[in-house]
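Structure, as C-alpha cells:
In what follows, chains are A, B, ... by sequence order, proteins preceding strands, each numbered from 1.
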Amino acid sequence: MRGEDKIVPELPEVETVVRDLRPHLTGRRLTSVQVGSQPLRRRWLAEWGPRLAGRRVREVGRRGKWILIHLQGELHLVIHLGMTGQLCVMPVNEATAAHTHLVFGLDRCTKELRYRDIRRFGSATLFEGQEALDLFFQESRLGPEPFDLDPDYWRERLAGTARCLKAVLLDQHAVAGVGNIYADEALFAARVHPAAPARRLSRTRVARVHNAVRATLQAGIDAQGASIRDFRTPDGGYGSAQERFAVYGRAGEPCERCGTPLRRMVIAQRGTVYCPHCQRF
DNA sequence: ACAGGATCCTGGGGGC
DNA sequence: TGCCCCCAGGATCCTG
C-alpha cells in the first residue's frame, strides 16, 4: 500500500457511503442531472435526466457493492463505484473536482449530489419499476448478502466448485460484496490458505471462513464509520483507515500473529497477501 | 455450465 | 529531474 491511501470500495465502504448519504438525500427531490462528456462503464442515457427530475428520494440502500437510490414512482437509481468512484453531497458553490461525471441537483438545498470517478470503472443506471430492478440483479446472478448466509450455504457452494477458496470469495455470484482486500483479510482471520481448493475444505474450516467473512466485513463497517466521523479528509477520502488491515498491502512485513514474513502471490488475477505459516491448505 | 483470461482506465511508482 | 513502462483492480465479455 505504501503511500497509497485510496481504498477500493467493497461492501463496508459502500455501506459507509450509503449511511453517509441517507440523511442528506431521504425525502429530497432530485431536480436535474448534469452529465459529463466521458462515458462510464454503462453509459448514462439522456432520457433518464428528465425522467427522474422532480422525483423524491424514498430510501437509500445497498445490495452487494451496488448503491440503490429508490425514487418516488418506482424509479431506481443504481450506482456502482467501481474502483475509484466517489459519491458525495457537496455545496453547489464548491468547485467541481476533475473527473466529476454526474451532478444531481437537490431541491430546497444549497448542496448537490456529485459522482466522481477517476478511472470510470463505475456506473450509474436508472431502472423503471421493481421488476426491472429485480431482473437486473437476477440476470447478473448477484449472490446473497454475506450477513444472510449460514454455514450450510458455504458448504454447498464450496463443495460444488473446482476453484480455489479466494476465487470463490471474490466471485459476486457466490457472495455479494467481498473484494480483494476483505477476501485476504477474511482468509487471514480464518487461517486458511487463499489457494486452498474450495471443495476440499473441512467442515470446521468452512465454519471458520463463514465466521471470518462476516466478522471482517462487520469490522470494516465499524471502522469506516469511525473514520468517516473522525478522519475524513477534505477531498472525501478515508484518512488512515487502511492501518487496520492485517495483510492487505503488507507483503514482506511480519505476520502479526507469528512474525513470519507475509508472502504475495497472484490468484484469479488479483494480488494476494497471506501468511505462509498461519494459513494452511 | 464452468473456469480462466482479456478488457476497460488513470495516477502513481519504479527504473534508468 | 524526466520520461517510459507497468501496475492496481470490479465487472463483463470472450474463449476453451
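Atom CG of Leu169(A) is separated from atom P of dG9(C) by 15 Å (rounded to the nearest Å). Taking atom CG of Leu165(A) as the reference point, atom P of dA3(B) lies 14 Å away to the nearest angstrom. Counting to the nearest Å, the P atom of dG4(B) and the CG atom of Asp171(A) are 11 Å from each other. Between the P atom of dT10(B) and the CZ atom of Arg120(A) lies a distance of 4 Å, rounded to the nearest Å. The CZ-P distance, from Phe121(A) to dC13(C), rounds to 14 Å in whole Å. Here the C1' atom of nucleotide dC9(B) and the NE2 atom of His80(A) are 15 Å apart, to the nearest Å. Spacing between atom CG of Leu81(A) and atom C1' of dA8(C) amounts to 17 Å, rounded to whole angstrom units. The CG atom of Leu40(A) sits 22 Å away from the P atom of dT7(B) (whole-angstrom rounding).
Classification of the Tyr274(A)-His193(A) ring pair by plane angle, with boundaries at 30° and 60°, yields tilted. By the 30° and 60° cut-offs, the orientation of the rings of His99(A) relative to His101(A) is tilted. A tilted orientation is assigned to the rings of Phe127(A) and Phe136(A), their planes being inclined by 30° to 60°.
Contact annotation for Ala167(A): no contact, since no heavy-atom pair falls under 4.0 Å across all strands. Using a 4.0 Å heavy-atom criterion, one finds that Ser123(A) contacts no nucleic acid atom at all. Within 4.0 Å of Gly122(A), counting heavy atoms only, lies no atom of the nucleic acid at all. Counting any heavy atom pair closer than 4.0 Å across all strands shown, Arg264(A) reaches sugar-phosphate atoms only and no base atom. Among the heavy atoms of the strands lying under 4.0 Å from Gln38(A) are primed sugar atoms or P, OP1, OP2 only; no base atom is included.
Direction change of the helix axis from one end of the helix from dC2(B)-dG16(C) to dC16(B)-dG2(C) to the other is 50°, with five pairs defining each end axis (rounded to 10°).
The environment of Arg62(A) atom CZ is dense: over 12 non-hydrogen atoms of other residues, nucleotides or ligands sit within 6.0 angstrom.
Along DNA chain C, the nucleotide nearest Met83(A) and the nucleotide nearest Arg41(A) are compared for position; the residue whose nucleotide lies closer to the 5' end is Met83(A). Nearest-nucleotide assignment on DNA chain B puts the 5′-proximal partner with Cys164(A), out of Cys164(A) and Arg270(A). Nearer the 5' end of DNA chain B, as judged by each residue's closest nucleotide, is the contact made by Gly160(A), out of Pro39(A) and Gly160(A).
Between the side chain of Arg163(A) and the base of dA3(B), no donor-acceptor pair under 3.5 Å is found. For Arg119(A) and dG10(C), a side-chain-to-base donor-acceptor distance below 3.5 Å is absent, hydrogens and geometry of angles not being considered.
Distance check, rounded to the nearest 0.5 Å: CD of Gln34(A) to CZ of Arg114(A) gives 9.0 Å.
When only modelled atom types and interatomic distance are considered, Thr125(A) and Ser123(A) share no side-chain donor-acceptor pair under 3.5 Å.
Here the nucleotide nearest the side chain of Arg42(A), chosen from dA11(C), dT10(B), dT12(C), is dT12(C). Picking from dG11(B), dG10(C), dA8(C) the nucleotide with the shortest atom distance to the side chain of His99(A) gives dG11(B). Closest approach to the Gln269(A) side chain among dA11(C), dG5(B), dG11(B) is made by dG5(B) (side chain taken as heavy atoms from C-beta onward).
Arg191(A) contributes no side-chain N or O that, together with a main-chain N or O of Cys278(A), makes up a donor-acceptor pair within less than 3.5 Å.
Ring pair Trp44(A)/Tyr115(A): centre-to-centre distance not below 6.0 Å.
Between Ser140(A) and dA11(C), a side-chain N or O to OP1/OP2 separation shorter than 4.0 Å is absent.
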